[in-house]
Number of protein chains: 2
Amino acid sequence: MIFVIVSSCSVVKQREELLKALGIKIKEARIAKGLSHVQLASEADIAVSQVWRIETGKVNVTVVTLYAIADALDVSIYELLDSSRRGI
Amino acid sequence: MIFVIVSSCSVVKQREELLKALGIKIKEARIAKGLSHVQLASEADIAVSQVWRIETGKVNVTVVTLYAIADALDVSIYELLDSSRRGI
């Protein structure tokens, strides 16, 4: 039973790290472009609260939203993702 | 009013195209790796029905699932996404 608990904890932890890393990249790109949360939300057509939650790694972002954010930030979607990161 | 209807139709269409294109790339990579739907589902820890729906562009895949699929297919997440595609 312990193995199951340990392995599912590490999955949760990896997932949190993945989403936090993505949130940091989005925040950095937003600041580099000089956009506020409100401006990014408007450009990407998502709620401002969603931008906050994405940037703090609290949201498992969908691919459509990710493309919209990349477009609003004028970056390639590749710049927001880490190709070396393995799945969970 | 017409403009609103027309523009929202094109957004829906773009979204469908984006998800269809992603589904095709995942299917191609799965076949290239010689995995069945069941094997990919098991490796990526998602439901078999989910694999079907993702490959037919019916699911707005989340980033965590996308990393898990890329890992299961032994490809970089970049290979499943189109960097030139603009957001919706």
Inset, instruction - Please tell me if the side chains of Val63(B) and Val63(A) come closer than 4.5 Å, counting only heavy atoms from C-beta onward. - result: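 No - every pair of side-chain heavy atoms lies 4.5 Å or more apart.
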
Inset, instruction - Taking all non-hydrogen atoms of both residues into account, name the closest pair between Val64(B) and Asn60(A) and its distance. - result: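 Looking at all heavy atoms of both residues, the shortest contact is N-OD1, 3.1 Å.
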
Legend entry - Closest heavy-atom pair and its distance - Leu81(A), Tyr78(B):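 So the two residues come closest at O-OH, 3.0 Å.
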
Legend entry - Contact leader toward chain B among Thr62(A), Val61(A), Leu66(A), where contacts are heavy-atom pairs under 4.5 Å: Thr62(A)

Legend entry - Heavy atoms of other groups near Lys25(B) NZ, more than 12 under 6.0 Å: yes

Inset, instruction - Verify the cluster assignment for Leu19(A) and Trp52(A): are they in a single hydrophobic cluster under the rule of side-chain heavy atoms below 4.5 Å apart? - result: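 No, separate clusters.
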
